[in-house]
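Below is one structure, written out as structure tokens; the observations come after it.
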Amino acid sequence: MTTTDPAPAGQHAADTSPPRSTAAPGPGLAQLLRPHAGPFALVVILQVVGAVAGLAPLLTVVELGRTLLAPGPPDRGHVWATVTVGAVGLFVQLVFTAASLGVGHLLDGRVQLSFRRQLAASLGQVPLGWLSRRRTGELARLVGEDVSAVHPFIAHAPGQLVSAFVVPLVSLAYLITVDWRLTLITLAPVALAVGLVPLMMTPDRLREQRERDAAMSRITGSVIEFVQGISVVKAYGGSARAHRRFLTATDAFVSTFDRWVNGLSRPAAGMQLVLSPPFVLLVVLTAGTVLITDGGLAPADLLPFLLLGLGLTAPVTALGHGFDDLQAAGRAVGRIREVLAVPPLPQPVSPDPLRGHRVELRDVHFRYDGGREVLRGVDLVLEPGTVTALVGPSGSGKSTLARLLLRFSDPTRGTVLLGGADLRRVSGPELYRTVSCVFQAYGCCERRSRTTSRSRYHAPTTPPSYAPPGWPVSTTAFSSSPAATRR
């Protein structure tokens with residue numbers, strides 16, 4: 001084995017690394033949903049039909065009121081025809097809305113399955129070094145909670161958006177034919193609510209929402225890591241430190257959540273007030289009374305505004321209740337896009353064969369994600385039949401060097417060779433048939449041998465987060481021999 005000191009500035013060897021991949025922007029939401037465009041359009045169409053049909057019962061009540069309040073005896077045939085139209089409209093609304101929800105939930109299941117398959121395929125091709133730098137809870141939340149967070153957007157948002165726009169537009173078209181002045185007054189609560197929406201989307205509110213998501217992710221990560229490290233905690237102690245990490249994460253979440261709620265409470269309360277039925281009825285009744293008193297509106301014409309006025313605000317209220325879910329879904333899709341945008345570890349089209357088990361590093365440099373260099377000008381030879389131990393303080397680059405030998409990452413500069421072949425020119429299956437490793441994680445398994453005796457195997461190290469004082473985590477060993485790789 002030979003090693004050299006870090007090369008002085010300006011005296012590095014020529015860069016023999018292949019061009020490094022650059023991360024392209026991840027697929028947008030439209031691109032992710034493009035394979036499901038047909039079912040998604042069907043959900044919207046069913047909801048449009050159901051929403052418009054849902055206005056029939058309200059218009060039936062309006063028409064009955066006008067008929068019954070008109071002077072003279074009512075036309076029984078007209079009354080029954082009006083009631084029939086209202087009943088049919090109600091039935092159509094129930095059928096089409098139920099069909100929209102059913103198709104939406106089936107589509108949601110397919111979209112989530114598609115997202116998880118894409119994530120599994122992407123995570124199976126990214127460099128293992130990228131995975132090793134992610135917290136366990138972060139990936140668990142990505143595949144679990146973040147994918148599930150698209151449920152409101154797929155299954156419920158189409159209905160809420162259609163109701164929030166189609167129903168008011170149809171209602172407005174009808175109310176304008178009755179009295180355009182009272183129509184504009186009836187829209188006042190909706191205009192006030194829409195004016196409050198920007199207050200809920202200021203940069204401070206968006207930042208607080210991101211901080212809340214990050215705090216929740218830290219809680220998830222601390223719980224998962226604590227559960228996975230229970231055996232180590234029981235064996236070596238350190239439960240107080242493990243619990244302290246969880247308590248710190250929960251305290252940070254409480255503080256972040258409190259700021260987020262305080263920032264949203266006033267505009268949200270204002271929206272709820274101006275869209276509430278009592279406030280809408282007060283506005284319509286006050287304006288209608290003035291118009292009737294002045295002789296500009298017939299008393300019977302006030303009825304459609306009392307009924308449809310509530311219909312104008314109810315969909316907007318429902319949309320407001322789902323506003324946070326829609327924003328959470330957008331942030332979750334953003335995190336999914338970031339993972340899908342991670343470039344895969346390049347694989348050779350025509351792999352080079354291995355000739356022996358000699359390991360060699362030539363002028364190897366490495367840095368994490370554009371940060372400072374952790375390895376500079378490393379030259380190292382591991383001859384077959386030898387065992388090499390790297391000993392040094394934590395953070396000196398021992399584990400980084402081991403990851404390069406396993407091709408968890410590729411060096412920034414220089415070359416790592418196994419059996420005379422550049423690791424970047426060796427196929428993954430061939431590499432991992434030749435190289436074995438023991439990770440820094442406590443493991444235990446039991447099995448019966450052919451002689452029915454019981455054997456127990458322990459990994460010799462423990463996760464750094466829970467390692468007790470004095471535990472030897474600062475040693476990395478390499479064995480370069482055919483026998484070692486076969487065991």
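Since we're looking at a predicted model, the values are computed, not measured. Every heavy atom of this structure was used, including side-chain atoms; hydrogens, water molecules and symmetry mates were not. All residue numbers in this chain count up from 1 along the given sequence.
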Can you sort out the partners of Arg335 under salt bridge (Lys or Arg N to Asp or Glu O under 4.0 Å), two or more places apart, ordered by chain and number?
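Checked Arg335 against salt bridge (Lys or Arg N to Asp or Glu O under 4.0 Å); matches are Asp146, Asp213.
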Problem set entry | With Asp258 via salt bridge (Lys or Arg N to Asp or Glu O under 4.0 Å) - residues at least two apart |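 Asp258: no salt bridge (Lys or Arg N to Asp or Glu O under 4.0 Å) contacts found.
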Partners meeting side chain to side chain donor-acceptor pair (under 3.5 Å) with [X] (sequence neighbours left out):
X: Ser114; value: Gln118
X: Ser255; value: Arg259
X: Ser100; value: Gln47

Return yes if some donor-acceptor pair links the side-chain N/O of [X] with the main-chain N/O of [Y] below 3.5 Å, else return no.
X: Thr386; Y: Leu382; answer: no
X: Thr415; Y: Asp422; answer: no
X: Tyr432; Y: Leu406; answer: yes

Could you walk me through whether Glu373 and Thr412 pass the side chain to side chain contact (heavy atoms under 4.5 Å, CB included) check?
CA-CA 9 Å; Glu373 275 193 332; Thr412 308; 5.6 Å; no
Student check: side-chain heavy atoms of [X] and [Y] closer than 4.5 Å:
X: Leu405; Y: Val435; value: no
X: Pro346; Y: Asp410; value: yes
X: Leu418; Y: Val426; value: no
X: Arg413; Y: Arg376; value: no
X: Leu417; Y: Val359; value: no

Side chain to side chain contact (heavy atoms under 4.5 Å, CB included) partners of [X], counting only residues at least two apart:
X: Phe96; result: Leu46, Val49, Val92
X: Val374; result: Phe366, Tyr368, Arg372, Thr400
X: Phe257; result: Arg212, Phe253, Trp260, Val261
X: Asp204; result: Thr202, Arg207

Pairs where residues 99-124 contributes a residue and the test salt bridge (charged side-chain N to carboxylate O under 4.0 Å, His left out) is met, not counting sequence neighbours: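 Qualifying pairs: none.
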**Prompt:** Closest approach of Thr256 and Ala215, non-hydrogen atoms and distance?
**Reply:**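 Shortest heavy-atom separation between Thr256 and Ala215 comes out as OG1-CB, 4.4 Å.
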**Q.** Results of ring-ring contact (aromatic ring centres under 6.0 Å, His included) for His36 - residues two or more places apart only
**A.**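 His36: no ring-ring contact (aromatic ring centres under 6.0 Å, His included) contacts found.
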